[in-house]
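So that the names make sense, note that chain A is the first sequence line, chain B the second, and so on, each numbered from 1. Note that this is a predicted model, so its numbers are computed, not measured.
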Amino acid sequence: MSVRIYNTLTQKKEPLNPLEPGHVKLYVCGITSYDYCHIGHARSSLVFDMIVKYLRYCGYKVTFVRNFTDIDDKIINRANEQGTPPSQLAARFIDEFYRDMDYLGLQRPDIEPKATEHIDDMIGLIETLIAKDQAYAVDGDVYFAVEHFPAYGKLSRRRLEDMQAGARITINEKKRHPMDFALWKHSKAGEPAWDSPWGPGRPGWHIECSAMSKKYLGDTFDIHGGGKDLIFPHHENEIAQSEAANDKPFVNMWVHHGFVTVRNEATAENEKMSKSLGNFLTIRELSEKYHPEILKLFIFSTQYRNPLEYSEQAMLDAETGLTRLYESIAGIDAIKRKPADIAGTVITDKEADKIDSLEERFRQAMDNDFNTAQAIGQLFDAAKTVNKILRKLPEEQAPADLARLDQAREAIIRQGRVIGILNEPAQVFLERRKRETIRDAVIDPAAIETLIARRNEARKNKDWKLSDAIRDELLAKSVELKDGPDGTTWSVKRD
RNA sequence: GGCGGCGUAGCCAAGUGGCCAAGGCAGUGGUCUGCAAAACCAUUAUUCAGCGGUUCAAAUCCGCUCGCCGCCUCCA
């Protein structure tokens, strides 16, 4: 059994076979730092974090590189609008990015190279391409000659002729072929500039990834990832640059995740969330409303390659589901343990098997191109089994049953953490959730406790009318009561 | 126009040719409860957009039709 991953290059699921056995080298295109990150960036970060976590869980050593594009036309334009130096703007949004990543609870990649710190590497690569007649300099610019690279289009499956037909290509007299793309751009007065053999300028967008991946991962590495929108032109161009320069295959597997879409109220249709459409929701906004694990459960409830529609309702569903998992764990934590000296068991073979096979079923789902949706289904299935057992657990329990429940608890948490959830003690999560929901309640906890006491007094006197009146009163304020064997507990109902 | 993808229950979403088509949310009936809530049990797609084809066998493979989305311009 092995991890199978969908490779955009071959359009097939393929077994992962690292060039260096047991060591996966992964490069992911990171952000261009000129604005706050949106939920689409969150999906990207979460998906690759999950992939890294899962591969490590499987025993692989993973070297994970993710870059920052900190010099680019968009950065320059935005900096000019705001009257700040581009370098300052870029640095600021890298900080903001880290704040978002911390909210999501993500580990840092092993290496996070910045474009501006690798200008020399890029210049070296461009010189190699010019020497090989794969690139040419014109008036301080350098362009890649796509016609000199026969494999151009192999990732995005398009031919040069087809692209020209419908493309919106800006006419550029300097280019020999309309699809040639810039490796180096000469700088106008006042723009950031680095010295180069072609005069002062800055790198084109694509060359940084070719240069930095080569530096940190070598000429050929295992996996290169990014959003589907990067397939063309960004990744296509990276392949062209790297393979033309190195004369070696660039990347073995290309992994691309799908978009987050959002409903357009005007057209009632889903559309990609993007800056140009102005319909994006920032991670910062989400962080004010939702626990990060809710966002993760929402994002991983769909396989990473499929589109994902964001909605408040979907987030509320995810919250309900996450709470369900935590409550199941809390149920095990709350067992009043009185091990009895009995060999018997209340756990059926089928239930025992559900628990014993959880890890295996989880791995099967994840091995199949990181099918988190299916994997999560296995977690819920296990939680259901746990609940079933808890319900029939006697006051004095068989040690074997307690051991099995502890095993279940451990297994659910361990698998959950691969997708970034169940990181907190269940009680902490549930208590905090309760506190957070209290904020929305129109009544304070002390008053609730007073009412509960009055109601329990009424119940003792079998004054059901008063008892129900108090319960209804609290329910009207979204406070839900639960009468259990150990007294009455309450929670805030969300609607 | 070129290329890629999607269409599975009220909603979300798995399904790598062959036991009863996972799982979640919502719903319904029941157990429990003074009544509730939670939990549990049962139930909710004789069917996988439609039509053909391949096969002993297809949601899964092939073709066509319809609908939707994305890329081809910056984009996760």
Side-chain angles (χ1 to χ4, degrees), chain A residues 4 8 11 13 28-32 34 37-48 72-74 77 153 156-159 161-170 179 205 225-234 236 256-261 269-277 280 297-298 301-303 305-309 311 313-314 316-322 324-325 327-328 331 361 364-365 367-369 371-381 383-384 387-392 459 462-465 467-468 471-472 475 480-484 488-491 493:
Chain A
R4 293 170 70 250
T8 307
Q11 300 187 327
K13 286 182 193 172
V28 173
C29 291
I31 60 159
T32 299
Y34 74 105
C37 289
H38 55 64
I39 187 172
H41 296 109
R43 187 179 197 190
S44 177
S45 314
L46 288 168
V47 162
F48 290 107
D72 161 276
D73 290 358
K74 291 190 294 296
N77 293 338
S156 54
R157 290 170 190 271
R158 40 193 96 192
R159 296 173 305 170
E161 312 85 78
D162 295 338
M163 281 186 276
Q164 291 171 69
R168 288 157 282 185
I169 299 166
T170 44
M179 295 308 293
W205 174 34
K228 277 192 154 100
D229 46 0
L230 296 183
I231 294 172
F232 190 89
H234 187 52
E236 193 68 60
H256 293 100
H257 65 259
F259 304 124
V260 177
T261 64
E269 275 169 9
N270 293 328
E271 55 189 22
K272 179 182 153 190
M273 194 178 285
S274 74
K275 300 207 168 158
S276 52
L277 290 171
F280 60 91
L297 193 64
F298 162 65
S301 66
T302 296
Q303 206 266 354
R305 284 190 285 122
N306 296 138
L308 175 63
E309 186 193 339
S311 70
Q313 187 55 50
L316 290 176
D317 286 355
E319 178 174 23
T320 306
L322 183 64
R324 185 178 164 81
L325 292 175
E327 277 180 340
S328 200
R361 286 180 290 131
Q364 256 176 35
D367 279 348
N368 182 18
D369 197 26
N371 194 333
T372 52
Q374 192 174 39
I376 289 168
Q378 305 301 344
L379 293 183
F380 280 112
D381 202 42
K384 190 181 211 167
N387 289 341
K388 202 185 285 194
I389 295 167
L390 285 175
R391 188 178 157 77
K392 64 186 179 185
R459 289 178 71 212
K462 297 197 190 293
D463 184 351
W464 309 128
K465 206 168 182 178
S467 161
D468 290 353
R471 188 178 59 208
D472 292 346
L475 193 60
E480 225 167 22
L481 299 184
K482 296 177 197 176
D483 297 325
T488 302
T489 60
W490 59 275
S491 59
K493 194 176 156 191

Student: Need one value for A:Q11: base, sugar-phosphate or nothing, where a base atom within 4.0 Å counts as base even if backbone is also close, heavy atoms only.
Tutor: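 Here A:Q11 touches the backbone only, sparing every base.
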Student: Indicate the ring-plane relationship of A:H38 and A:F280, choosing parallel, tilted or perpendicular according to the 30° and 60° boundaries.
Tutor: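 Correct class here is tilted.
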Student: Using a cut-off of strictly less than 4.0 Å, decide whether A:N368 has a side-chain nitrogen or oxygen near OP1 or OP2 of B:rA14.
Tutor: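 Looking at the OP1 and OP2 atoms of B:rA14, neither is under 4.0 Å from any side-chain N or O of A:N368.
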Student: Rounded off to whole Å, could you give me the CG-to-C1' distance for the A:L325 and B:rG24 pair?
Tutor: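 Value for this atom pair: 10 Å.
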Student: Could a donor-acceptor pair under 3.5 angstrom be found where the side chain of A:D468 meets the base of B:rG34?
Tutor: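 Per atom types, the contact qualifies.
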Student: Please report the distance, rounded to the nearest Å, between CZ in A:F380 and P in B:rA39.
Tutor: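 So the CZ-P distance, A:F380 to B:rA39, works out to 12 Å.
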Student: Distance check: side-chain N/O of A:W490 vs OP1/OP2 of B:rA37, anything under 4.0 Å?
Tutor: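 Checking A:W490 against B:rA37: no side-chain N or O falls below 4.0 Å of OP1 or OP2.
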Student: Have a look at A:R305 and say if it touches a base, only the backbone sugar-phosphate, or nothing, with a 4.0 Å heavy-atom cut-off.
Tutor: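 Touches nothing.
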Student: Does a side-chain N or O from A:N387 land closer than 4.0 Å to OP1 or OP2 of B:rC40, or not?
Tutor: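 Affirmative; the distance criterion is met.
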Student: Using OP1 and OP2 only, check whether a side-chain N or O of A:K388 sits under 4.0 Å from B:rA39.
Tutor: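 Answer is no, no contact under 4.0 Å.
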Student: I'd like to know if A:R391 reaches the base of B:rU31 with its side chain such that a donor and an acceptor end up less than 3.5 angstrom apart.
Tutor: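 When only heavy-atom distances are counted, A:R391 does reach the base of B:rU31 through a donor-acceptor pair under 3.5 Å.
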Student: Taking OP1 and OP2 of B:rA13, is either one under 4.0 Å from a side-chain nitrogen or oxygen of A:N306?
Tutor: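 So the side chain of A:N306 is outside the cut-off, no N or O lying under 4.0 Å from OP1 or OP2 of B:rA13.
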Student: Start with the C-alpha distance between A:N368 and A:Q364, add both sets of side-chain angles, then the distance that settles side chain to side chain contact (heavy atoms under 4.5 Å, CB included), and finish with yes or no.
Tutor: CA-CA 6 Å; A:N368 182 18; A:Q364 256 176 35; over 6 Å; no
Student: For the pair made of CD in A:E327 and P in B:rG24, what is the distance, rounded to whole Å?
Tutor: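 Result: 14 Å.
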Student: Just how far, in rounded Å, is C1' of B:rC72 from NE2 of A:H256?
Tutor: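 Distance check: A:H256 NE2 to B:rC72 C1' gives 15 Å.
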